[in-house]
Number of protein chains: 2
Amino acid sequence: MSSTINPNDMLPRYFQLVTILRAKIEAGEWQPHAAIPSERQLEVLYSVSRTTVRQAVGLLIRQGLVYQLHGKGTYVSPRKLQKGLVELTSFSEDMLQRGLQPGQRILELAEVEAPEQVRQHLELSPDIRTVIRLERVRTGDGQPIGLQTSYLNLPAGATLTREQLEERGSLYAILQEKYNINLAAADETLEVTVATPREALLLEVPAGNPLLLSERILWTNERRAIEFVKILYRGDRYRYTVRLTR
Amino acid sequence: MSSTINPNDMLPRYFQLVTILRAKIEAGEWQPHAAIPSERQLEVLYSVSRTTVRQAVGLLIRQGLVYQLHGKGTYVSPRKLQKGLVELTSFSEDMLQRGLQPGQRILELAEVEAPEQVRQHLELSPDIRTVIRLERVRTGDGQPIGLQTSYLNLPAGATLTREQLEERGSLYAILQEKYNINLAAADETLEVTVATPREALLLEVPAGNPLLLSERILWTNERRAIEFVKILYRGDRYRYTVRLTR
DNA sequence: CTGGTAATGTGGTCATTACCAGTAGTGTAG
DNA sequence: CTACACTACTGGTAATGACCACATTACCAG
């Protein structure tokens, strides 16, 4: 990894600068709460304009690696804040981050008439009558973690097969590669519930055990609601984390 | 509300522009998924530079009101994404957003030896031995919603009295006004638990009922951990919502 | 010793100019 | 008719230069 900016590189300069600065922070070259070089110093150090410096630093701020104090300087965040949380992730990515091997057991994959609740969440127009329903038991290191039910409003003509799912594992990877659909945002609500007999059986817990119910609406880069997904998590095996900012 | 930029105004121009554009969107002048004027058009329309336009639009994007597609244009987000979620809020603000009147019953306010768990979360240095412990039953429209336990690491010399709390209601408002402490970020974890007899009594639910346990670490604008707070929410009266982005 | 002030360094805002990189429509050569 | 180049838009990146707002320090007058 180079530590200078290469103007001919395919990557934008501000992005190269982000990479360089992040590396220095993660290597401990600049300690938490220590000041990093000022914007005008970075200008000279890396032969870029202040515009570029500010764009790079702005990104680092949004990622939680540094913070700025007006009139004082730019400082390295404490380690706990350097870890990127929040990120919109798939179940698979989520498990991998937690150091567990993601797995799944597909219970159903079918085109069904859209329930009213789903119609509303996905803002379906009246001419769209059906959605794809996908029900899976999700596992981490082979142990059941959650019961996931997805309702997908795929673009016309798009299909989804059991084989694709079993091969790639991640639904979002398929959407991205085959249909060029990128996820941009999600709204999620969490609440507490208790296991019905069927849920208890699938999750391998006693009926009546407390569960964490997550309901999520997923939006594409064009801000179309594409998926409504419920996940029932085992209360004893799952913990949800977020970072809030102001 | 003016619809032009006033250079002599105390507020920065990009901020004035944000206000104008947001007003038009919320008034329905530009419908969801419709294109708003291009950056170069906004330049002319409001007599500001493209720098300023982009700074304003960037803010609107982060607030979820609009989205951009490279080579195409800038578009208004669907209504569901326009509503600002996520925001780091106090319990009081949270209740008000939900349309409930926040209230509290203080159970304890005392300086105590910091438990080990708290020491770690707040990253206390060895010379700091005590923190302030504040335990409250929080209510919405008079009904118990949550049992909140805060551990505060106030700056040297700062104090906190029952009277202040009862008067202002919001702890964060006191920190802001009296000690110029602003909250910048929070890390939160959520999990499921069941009510102990004491918790059940205070929350007015049967013992063994499922509860939502939130643990939160709060960071100031200088990225010092100032508070560790647990809230046990009644599972039947509380639902947590977040917006995730990529 | 105290309180004001000027100097200097920090991030924050803004205008101007230029060119790159995608998108979409149009026209033309094959 | 199709394939391809052209063109005219969009947002994305970048340099330069200027001034404002805030924080800190040093210095000086009282």
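Chain identifiers are assigned alphabetically (A, B, ...) following the order of the sequence lines, protein sequences preceding nucleic acid strands; residue numbering begins at 1 within each chain. Note that these values count all heavy atoms, side chains included, but never hydrogens, waters or copies made by symmetry.
- Put simply, the side chain of A/Thr51 and the base of D/dT13 share no donor and acceptor less than 3.5 Å apart.
- Comparing A/Met10 and B/Ser49 along DNA chain C, the residue whose closest nucleotide (by nearest heavy atom) sits nearer the 5' end is B/Ser49.
- Across all strands shown, B/Gln41 has heavy atoms under 4.0 Å from sugar-phosphate atoms exclusively, and none from any base.
- Look at B/Arg13 and you'll find a side-chain N or O under 4.0 angstrom from OP1 or OP2 of C/dA15.
- Panel note: side chain A/Gln41, backbone A/Ser38; a donor-acceptor pair is recorded below 3.5 Å.
- Looking only at side-chain heavy atoms (C-beta outward), A/Leu183 and A/Tyr172 come within less than 4.5 Å of each other.
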Verdict with supporting geometry, A/Tyr67 and A/His33, side-chain contact (heavy atoms from CB on, under 4.5 Å): CA-CA 9 Å; A/Tyr67 59 99; A/His33 294 295; 2.9 Å; yes
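- Consecutive Watson-Crick or G-U pairing (both distances under 3.5 Å) extending over three or more pairs maps onto DNA chain D as C:1-30 with D:1-30.
- Nearest-nucleotide positions on DNA chain D place B/Gly71 closer to the 5' end than the other of B/Gly71 and A/Ser47.
- If you take CG of B/Leu42 and P of D/dG12, they are 13 Å apart, rounded to a whole angstrom.
- The side chain of B/Gln68 places an N or O atom within less than 4.0 Å of a non-bridging phosphate oxygen (OP1 or OP2) of D/dG12.
- Comparing atom distances between the A/Lys72 side chain and each of D/dA23, C/dA24, C/dG22 picks out D/dA23 as nearest.
- In terms of phosphate contacts, A/Arg54 brings a side-chain nitrogen or oxygen within less than 4.0 Å of OP1 or OP2 of C/dG12.
- For A/His70, the listed nucleotide lying nearest its side chain is C/dG12; candidates were C/dG22, C/dA15, C/dG12.
- For B/Glu39, taking side-chain heavy atoms from C-beta onward, the closest of the listed nucleotides C/dG12, D/dG11, D/dA14 is D/dG11.
- Of all the heavy atoms in A/Ser125 and A/Arg119, the pair that sits closest is O-NH2, 3.2 Å.
- The phosphate of C/dG12 (OP1 or OP2) has no side-chain N or O of B/Gln55 nearer than 4.0 angstrom.
- When distances are taken from the side chain of A/Ser38 to each of D/dT13, D/dT24, C/dG11, the shortest belongs to C/dG11.
- Counting any heavy atom pair closer than 4.0 Å across all strands shown, B/Gln16 reaches no nucleic acid atom.
- Using a 4.5 Å cut-off on side-chain heavy atoms (C-beta onward), B/Asp187 and A/Thr241 make no contact.
- An OP1 or OP2 oxygen of D/dT10 is reached within less than 4.0 angstrom by no side-chain nitrogen or oxygen of B/Thr74.
- Looking at A/Arg50, its side chain has no donor and acceptor atom pair within 3.5 Å of the base of D/dG17.
- As a whole-Å value, the separation of A/Phe15 CZ from D/dT13 P is 10 Å.
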